[in-house]
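The structure appears right after this line, and notes come after that.
It should be emphasised that the depicted structure is a prediction, and the values quoted were computed from it without experimental measurement. The first residue of the sequence shown is numbered 1, and numbering continues consecutively from there.
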Amino acid sequence: MPVKTIFITGASAGFGEACARKFATEGHRLILTARRVGKLEKLRDELVTAAGIHIAQLDVRDNAEVEAVTAFLPEDFRDIDVLLNNAGLALGLEPAHQVNLEDWEVMVDTNIKGLMYCTRAILPGMVERNRGHIVNISSTAGTWPYPGGNVYGGTKAFVTQFSRNLRADLHGSQVRVTCIQPGMAQTEFSNVRFKGDQEKADGVYAGVNPMTAEDIAEAVVWVVNRPAHLNINSIEMMPVNQAWGPLAIHRGA
């Protein structure tokens, strides 16, 4: 298997960390980015890959940071084969008329703008080399609504549609695009959503056998390892315990 250079956002925990661990076992060259550089340093020290690991502190909401990190990569890391746009979050579960507007802005800035900035910085090199793979982490929330999902679901709908439009733009090139849409998976996600309230976060998964970060990493690594002529457009994943809800009907005035 040829060694690939893989750029992962949000690599300090959850899906990003699990993907880094899985790719490392295959010997790939890793660029691991996240806001929490201490966690990246710990992860780098734990992983073993002959191709090397480069870490960089990065807040994807800051386009200047994205441009600086991608522009000043070490020489061996500059030709990026895979961009995993994983950084993202949900904040709050209040109905739209009660939500904290700042939470909406953070979700838009991270889930939409951050993905845009990283894609725009890295994609031109892929097109120039006529090879590469963009893997975007969306969510079932981008397709299937639920109470309190409001802007989070909207941002993930953007990720899903943006991935499709990238495929249209890249038609005729050998650059691939995949959108992964996970459902319920137990990571830091709910802890972040409820701003550190672990009791609320644990309640989300009570009595459920949710997916794990490793489940998502298996899917990401699988799509990246498909033959170069094959593009997996999207994968929607849920635990068996999760399904779509019935159509909501309010009976009354």
Side-chain angles (χ1 to χ4, degrees), residues 10 13-19 22 84-99 103-104 107-108 110-112 115 134-167 177-226 230-252:
F15 300 161
E17 179 186 350
C19 289
K22 183 68 175 172
L84 175 56
N85 277 315
N86 166 72
L89 78 168
L91 291 173
L93 202 57
E94 296 83 8
H97 57 286
Q98 296 175 357
V99 78
D103 288 348
W104 277 4
M107 286 187 280
V108 168
T110 306
N111 302 353
I112 294 180
L115 181 143
I134 305 285
V135 181
N136 294 327
I137 302 297
S138 181
S139 169
T140 54
T143 306
W144 311 107
Y146 59 87
N150 43 69
V151 163
Y152 174 69
T155 65
K156 290 304 184 177
F158 171 88
V159 174
T160 298
Q161 188 63 21
F162 182 64
S163 301
R164 293 170 180 154
N165 284 325
L166 279 179
R167 284 276 288 137
V177 183
T178 300
C179 184
I180 307 290
Q181 300 161 281
M184 182 182 287
Q186 190 163 11
T187 63
E188 290 184 350
F189 178 84
S190 288
N191 184 277
V192 172
R193 164 168 260 171
F194 297 119
K195 301 178 181 178
D197 188 328
Q198 192 59 49
E199 185 176 354
K200 275 189 177 181
D202 291 342
V204 173
Y205 309 105
V208 179
N209 186 16
M211 295 186 295
T212 66
E214 290 71 27
D215 293 328
I216 310 309
E218 289 281 351
V220 171
V221 173
W222 181 78
V223 301
V224 167
N225 285 337
R226 292 312 85 210
L230 178 61
N231 192 93
I232 306 299
N233 295 329
S234 63
I235 296 180
E236 182 180 276
M237 307 169 61
M238 287 182 176
V240 173
N241 299 75
Q242 184 182 23
W244 307 277
L247 185 66
I249 300 173
H250 174 70
R251 301 185 187 279

Start with the C-alpha distance between Gln242 and Trp144, add both sets of side-chain angles, then the distance that settles side-chain hydrogen bond (donor to acceptor under 3.5 Å, both in side chains), and finish with yes or no. CA-CA 12 Å; Gln242 184 182 23; Trp144 311 107; over 6 Å; no

Salt bridge (charged side-chain N to carboxylate O under 4.0 Å, His left out) involving Glu218 - partner list, sequence neighbours excluded: Lys22

Determine the minimum heavy-atom distance between Ser138 and Thr160, stating which atoms define it. OG-OG1, 2.7 Å

Using a cut-off of 6.0 Å, state whether more than 12 heavy atoms not belonging to Gln98 lie near its atom CD. yes

Rounded distance (nearest 0.5 Å) linking atom CZ of Phe194 with atom CG of Asp202: 11.0 Å

Give the minimum heavy-atom separation between Ser139 and Lys156, together with the two atoms involved. CB-CG, 3.7 Å

I would like to know whether Thr143 and Trp244 meet side-chain contact (heavy atoms from CB on, under 4.5 Å); could you show each step before the answer? CA-CA 10 Å; Thr143 306; Trp244 307 277; over 6 Å; no

Between Leu84 and Ile137, is any pair of side-chain heavy atoms under 4.5 Å apart? yes

Quick one: does Thr187's side chain have a donor or acceptor within less than 3.5 Å of a partner on Ala213's backbone? no

What do the steps show when you test Asn209 against Asn241 for side-chain hydrogen bond (donor to acceptor under 3.5 Å, both in side chains), and what is the final call? CA-CA 7 Å; Asn209 186 16; Asn241 299 75; 4.9 Å; no

Test side-chain contact (heavy atoms from CB on, under 4.5 Å) applied to Asn150 and Trp104, step by step: CA-CA 9 Å; Asn150 43 69; Trp104 277 4; 3.0 Å; yes

Here the gap from Gln186 atom CD to Asp215 atom CG, rounded to the nearest 0.5 Å, amounts to 11.5 Å

Nearest 0.5 Å, what's the CH2-CD1 distance between Trp222 and Ile180? 9.0 Å

Heavy-atom closest pair (Ala185 atom, Tyr205 atom, distance to 0.1 Å) is O-OH, 3.2 Å

Hey, does the side chain of Arg193 reach the backbone of Gly92 with a donor-acceptor pair shorter than 3.5 angstrom? yes

Any sub-3.5 Å donor-acceptor pair from Asp103's side-chain atoms to Leu93's backbone N or O? no

How many angstroms lie between CZ in Arg167 and SG in Cys179, if you round to the nearest 0.5 Å? 12.5 Å

So, does Thr110 use its side chain to make a donor-acceptor pair with the main chain of Gly88 at under 3.5 Å? no

Which heavy atom of Gly10 sits nearest to which heavy atom of Ala87, and what is that distance? N-CB, 3.8 Å

Say you draw a straight line from CD1 of Ile216 to CG of Asn86; how long is it, rounded to the nearest 0.5 Å? 10.0 Å

Side-chain touch Phe158/Asn136, heavy atoms, less than 4.5 angstrom: no

Heavy-atom pair with the smallest gap, counting every atom of Asn111 and Thr155: ND2-OG1, 3.1 Å

Would you name the heavy atoms of Ile232 and Ile235 that are closest together and state the gap between them? CG2-CG1, 3.8 Å

Inter-residue atom distance Asn191.CG - Glu199.CD, 0.5 Å rounding: 12.5 Å

Atom NZ of Lys195: over 12 foreign heavy atoms under 6.0 Å: yes

